[in-house]
Each structure stands twice: as structure tokens, then as C-alpha cells.
Amino acid sequence: MLVSYHRVDELGVITINNPPVNALSHGVRNGLLEAITKAQADDSQAVVILCEGRTFVAGSDISEFGKPIEAPSLPQVNAAIEASEKPVIAAIHGTALGGGFELTLSCHYRCALASATVGLPEVTLGLIPGAGGTQRVPRLIGAQAALDMMTGGQKITARKALSLGLIDRILEEPVEEAALAYARELVAGGTGPRRIRDMSIPADSFDGEAFAAYRSMLGKRKRGQESPQIIVDCVEAAMAKPFDEGLVYERACFVERTQSEQSAALRHIFFAERQAPKVLGLNKTTVPRSIERVAVIGGGTMGGGIAMSFANAGIPVTLLELNQDGLDAGLTLIGKNYGITVSKGKLSQEQAAARQALISGTTDYEALASADLVIEAVFESMDVKRQVFGHLDQVCKAGAILASNTSYLDIDEIAAVTSRPQDVVGLHFFSPANVMRLLEVVRADKTADDVIATAMALGKRMGKVPVLAGVCFGFIGNRMLRQYAREAQLCMIEGAEPEQVDGVLTYFGMAMGPLAVGDLSGLDIGYKSRQALTVAQKGDPRSYVIADTLVEMGRLGQKTGAGYYRYDPKTRARSTDPEVLAVIEEQASKYGVKRRELSDEEIIDRHLMALINEGFRILEEGIAQRPSDIDAVYVHGYGFPSYRGGPMFYASRRGLKAVYECVENLYNRTGEAHWSPAPLLTKLVESNQTLEDWMANKG
Ligand code: NAI
């Protein structure tokens, strides 16, 4: 029985029981409709809707999206509940999200435990509330608050919901007893149904100008995303149209959304994130090691952020630096970063202080003896890393996990300096480490299964998206990034200006263009790493001479006020710099490149194909477990637009044959080895298979 109905004295009680999260499947909708019909027929005075298990209805059944919806639909169920002649009260515990919260909006009163949260997160899946949310929420709390809630998609605590007017009462536990008492109170007071459909939004509360301003704000904050704008359309409709017409309008928009490309992409990413921590072939009985104390070596850019990530998850951290000055600098920076979070209102002073108190400093390796996990984040140099791991091998307890945050270096070589290579793993965080969600977990040759299982569990505990990678130069993300960054350089020397390259890619949806990213992180980083390479290792000079020349001119990026662009010292606003254009032209003529006009389409294709072709190689070599893992890496670590689903999803949607032809054309035109179509791509196209077919065959 997914939904049951029983009487408790003068009250009718409808109970939903569809574990694990009481999703609104077809069976639940059917059961609700039957139960509310039954309740109308007896002599109950009011009806309470509540849920068994750990939560109220946490949402619709996502597996039904994109398919024809079987009647009764949620709007039909909601209409029946709202029409009830007896007051209907929703009693919320856990979370009431999406369709689950819309269900409560069709009830006449809403009460919730203080620990409960509510929200309409549809926008995060490229959807909109489709069962009355966009029509009822503005009637309840006004257009502005409704727009903020629905375009933001965030969860709202019960107390906040009460203050906004989304719910009517906070309950004490246990939820059922308290909800029934509330219902009896309403009955005793002679309170009848109160239908949101009959409420009106103050007509002057949000006018045409306010809507236009809201749209333009969303255009910046949610650049490229369709759903937030459609939510605005629906709220406008709520103000302009009678309730039933507004509902019809909303439903049509919702159905269109479920079939949209953006929603398909966002749902793909939703599942990709949940799949990624699952390690194929790992014995299910593998028990993760317990991690209670962590140490981080190196308090620079990454070490500080990594330490904060652990403290944010409530795990005590010891930070080790070379000397007291380095340590002081690292700890001061951490304090400053927490200060910024407090000033943005994201943490209270007390919360920030409690987290900071979990981070202690040392310059003595002996202090690491009790750590369950040590993460090294020192300079990117094999010699330095080997030295650090040698020390760790001497002081760390047996069973401690020894991890490196290296961006490119060979984890096997690092592991080899220890007497315990089975305990060594790569844990590659992304900058800023306390913000970015991606965590590449790099499995070396001898890494033990329980170390991998621990890393995955820990990543999830920290709110990260852990993705398994194999050892190679740059693992998944940075290995692909090299190909992408090379195209940015080549497009410049062949004829594009920095602004065109960055403009086209941000228009596509990348968080930033590749050249602006270079200016932000510092052009000296790439320069230094190239200095360590031989001429042959550096490859085609056209792919780095512009960058090298700029560095040699002292243009290191934002920190020196100039890189590919010039930066205003006060506002940091960037502008085109004729000096850079002169450098590009000079280098082009030096290397015999005849500059020409590049179309936007060519620029976008070259960058995406560079990622995709390398992605296929990475898959075939087993460096990534699945195409969706690569997508999770790019969305969570490299600013790839989630509404495009990641590079491999993009490739699938464009069609592997079309991708192959594009890569092959580039190969034929340039003769460059890196453009030779990846063998896996070729194989799939020749056998007319998709990436899903390939995954399925892989088992
Ligand atoms: P950084 O130069 O900001 O910090 C390195 C810190 O390590 C310095 O504070 C230095 O004093 C300390 N250090 C050096 N040798 C040490 C030793 N033997 N013992 C203790 N401390 C020592 O460098 P950053 O950017 O934090 O990079 C660290 C590692 O993280 C590198 O392997 C880098 O490739 C990797 N990484 C960097 C990312 C970035 O965006 N900066 C992103 C992901 C990984």
C-alpha cells in the first residue's frame, strides 16, 4: 500500500509510504486521489496528509521525466485536494521538495517540524515547477520572493518558510501527534478550507519594469540557462491570467521543459555525479578506513583550501609548513578566507571560528604520527614530493593513507619511495579547494581497494564529487585541458584576438574563456612548467610562443595588471591591449603563419573537439571509468556549462559521426598527430555504436 487512509476520531489521515523518499510515482498519485475521494465521503471534519519514513515527499519520480505522464497527473491530484470541502493539512518532516512541496501547496494549511526543509529545486534540472508551484507560490508570498525561491532552487528551512508565509506552523516532534493536534485546533475554531487559488497577488507588487530588471539580472547570474527565464514567464502569467489559465500555461511550459536539451543535459549531470563515486569492479564488501584526523603538507594556495575543506566537514586538520613564517602565512590566509565567507553572510562568526579552530599548525613531521590521512600539497616538483613522502613513510602510523595533490606527476613514482605503496593515492583538488566540488581520486598501480573506497566515501562526506582517474600526465581533467589550451594559442596565432576566443567560449557557456583563466591563475605557472621540458616535449612552438613572450615581457596576468588583456588597477576591468595584438602578429610572422579571419564556429569546434577527442582516448585507456565521469570532471572542475551536460554528453548529442567528421577534417587540414581521430571514436562510428552501447558492452 503506497497510500493509506484511516480515521483518528474526527480526523481523516492520509499516509504516504513509498520508501526511500516517498517520491510521487504513478502509484502514489493514484493512491492520493483515491484517499482524498474517500475522505470526502465520510464524516471526518478535516484531513491530514503525512508521510512514513525519514521524509515527506522529497520530489517527483525523476525516472518518469521525459516519458508520457500516466494519469492521474500531479496537477489533477492537487486540484482534487484543493477542492476538498474539508480543510486539508500537510504535515512535513524531512524535506518537501519539488512536486512534494507543490502537493502541500494544494493543501489548505501547512505545518512542519523545525528540522524540515522545503523548496522548489526544479530549475537545477532544467525544469520548472509543473504542478502549480509557479501559480501558487506568488499568491502566497508575492512575486519577488517566489521568483527568488524558484529561480534559485535552494532548500528553505522551516523557520524561514514560516517567516516567508510558505507554512503556517512549526511543530514539535513527533510529527503525527503534533499535526493531529493542529488539525483539531483548526476544526475547533471552525476554520474551513483556505485555497491558495482564491488568493490574489497585489497587482502593483511587481510591474513590467521589475520583471524586465529581474530577467536581466538572471541573464547575468544564470547565463545561458532557459528555465529561470521561463519561471519568470510563468510568474508573469500568474499575475496576468486567471488561476486556471495560469495553470494551463505553466503545465505547457513544464512539458516543453521535460523534453528540452538543457534538461536532458542537467539530468545527465545529476546522475553522473551520483554514479562517479561508484568504482567499477570494486568488491562491495570493501570496508573504508576510518578517517578522524587529517594532515596537510604545504600551506600555499591549495594546502590552505584543502585544510578548509576538511574543517568545513568537521574533520580536524594539522597543517605542516617548512618553517614558522610559511605556517603563519598559511594560517593567516585561511583566517582571511573565513572572514570573507562571514562578510558575505554565508557563515556566522561563531561557525567560522569553530571551523578555524579545527585547523592547527606545525613545522614538525612528528606531529603527523596520529593522522589517518596525510595530503601533500607542496611545490609541483618530483624531487620535493619524493622527499616529503620519504619523511611521511618514516613518521606516519601503519594504515595511514598518504595522498598527493599533484596536478600532473606520476603517483607510481611517488609511491615507490615509500615502503607502503598500497597506501598511496592521488587526491587532486581544484582551486579554490574549499569551493570547487571536483576531487580526482587517482588510483596508482598498487593502491589498495580500501584506500580507493575510503577516498570516495571521504569525498562524499566533504560534499565533493569524487571521480576515479588513472595515472597519466594530467589525469582526466588537466590532460584534456592541455589540448583545449593549445587550441586557444593556435587560434590566436592563426588570426583570432584574445577577446574573440574568450567571447566565443563564454557565449557557449564556459564560466570563463581560456585566456582570461590564464590571466587569473598567472601565466608564469605554465611558463615555469615548460621551462622544465625539452624542446621536443614542449611540442609545436606556435602553441606557446605568445604565452612565453608575454611572460618574458613581465605580463604575468592579473597580478601584474597585464597578460592577454590589460587590467584596470582599481576595478580589475579588462580591456584589449594593442601591445598583445602586436606580439601575436610578430610571432605569427616569425613562425610563418599567415593570419586569417577565424569564424566563431571554427573556434568553438576546435576547442570542443580537442576535449572530446582526448576524452575518447582517456576512456579507451581506462583513465576514466565512464563517459559521464569525464562530464562530471568538466562541469565541476573546469567551468563547463552544466546545461550542456559535459563534453562527452555534448559529443553524444551532436552525434559521434558528426564529431568524427569534424575531427577528421581538422586532421586532414593540419596533419597534426593530435587531430588523428581517437581509435575508440573511429571504432564506434564504424560500427554505428553510441557511447552508451560501449558502456553496456564494457559491462
Ligand atoms: P603554492 O606554491 O601556493 O604552495 C606550496 C606550499 O608548499 C608553499 O607554501 C611552500 O612553502 C610549501 N612547501 C614546499 N615544500 C615543502 C615541504 N617540503 N614541506 C612543507 N611545505 C612545503 O602551490 P600550490 O598552488 O598550492 O600547489 C601545490 C600543489 O597542488 C602542486 O603539486 C600543484 O601542482 C597542485 N595543484 C595546484 C592547483 C592550483 O590551481 N594552484 C590546482 C590543483 C593542484
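Both counts, for ligands and for their atoms, begin at 1 and track the order of listing. Hydrogens, waters and symmetry mates are skipped; everything else that's a heavy atom, side chains included, is used.
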Can you name the atoms of ligand 1, numbered from 1 with element, that are less than 4.0 Å from a heavy atom of [X]?
{"X": "Val388", "result": "18 (N)"}
{"X": "His428", "result": "43 (C), 44 (C)"}
{"X": "Gly298", "result": "7 (O), 12 (C), 21 (N)"}
{"X": "Thr301", "result": "3 (O), 25 (O), 26 (O)"}
{"X": "Ser431", "result": "40 (O)"}

For Asp423, which of Arg289, Lys397, Lys446 qualifies under salt bridge (Lys or Arg N to Asp or Glu O under 4.0 Å)?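 It is Arg289, the one option of Arg289, Lys397, Lys446 that forms the salt bridge (Lys or Arg N to Asp or Glu O under 4.0 Å) with Asp423.
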Mind checking whether [X] contacts ligand 1 via backbone (N, CA, C, O), side chain (CB onward), both or neither, at a 4.0 Å heavy-atom cut-off?
{"X": "Phe429", "value": "backbone"}
{"X": "Ile297", "value": "side chain"}
{"X": "Gln387", "value": "neither"}

Report yes or no: does a heavy atom of Ala377 sit under 4.0 Å from some atom of ligand 1? yes
With a 4.0 Å cut-off on heavy atoms, is Phe430 in contact with ligand 1? no
From the candidates [options], the one that places a heavy atom nearest [atom]:
{"atom": "atom 12 (C) of ligand 1", "options": "Glu321, His391, Met436, Lys385", "answer": "Glu321"}
{"atom": "atom 4 (O) of ligand 1", "options": "Gly300, Gly637, Pro432", "answer": "Gly300"}
{"atom": "atom 13 (N) of ligand 1", "options": "Thr363, Asp383, Val378, Ile375", "answer": "Val378"}

Just checking, any donor-acceptor pair under 3.5 angstrom between side chains of [X] and [Y]?
{"X": "Glu499", "Y": "Thr576", "result": "yes"}
{"X": "Asp393", "Y": "Ser419", "result": "yes"}
{"X": "Tyr507", "Y": "Asp502", "result": "no"}
{"X": "Ser404", "Y": "Glu376", "result": "yes"}

Between [X] and [Y], does any side-chain N to carboxylate O distance fall below 4.0 Å?
{"X": "Asp568", "Y": "Lys570", "value": "no"}
{"X": "Arg555", "Y": "Glu579", "value": "yes"}
{"X": "Glu672", "Y": "Arg486", "value": "no"}

Are any of the N or O atoms of [X] closer than 3.5 Å to those of ligand 1?
{"X": "Asn405", "result": "yes"}
{"X": "Thr406", "result": "no"}
{"X": "Ser407", "result": "yes"}
{"X": "Glu376", "result": "no"}

Set out, in order, the CA-CA distance, both residues' side-chain angles and the distance that settles side-chain hydrogen bond (donor to acceptor under 3.5 Å, both in side chains) for Gln387 and Asp383, then state yes or no. CA-CA 6 Å; Gln387 211 179 23; Asp383 288 344; over 6 Å; no
Please report the C-alpha distance between Gln483 and His607 in whole Å, then the side-chain angles of each, then the deciding distance to 0.1 Å, and finally whether the side-chain hydrogen bond (donor to acceptor under 3.5 Å, both in side chains) criterion is met. CA-CA 8 Å; Gln483 308 298 323; His607 284 82; over 6 Å; no
Met456 and Leu468, any side-chain heavy atoms less than 4.5 Å apart: yes
Can a protein heavy atom be found under 4.0 Å away from atom 30 (O) of ligand 1?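 Protein heavy atoms within 4.0 Å of atom 30 (O) of ligand 1 - there is at least one.
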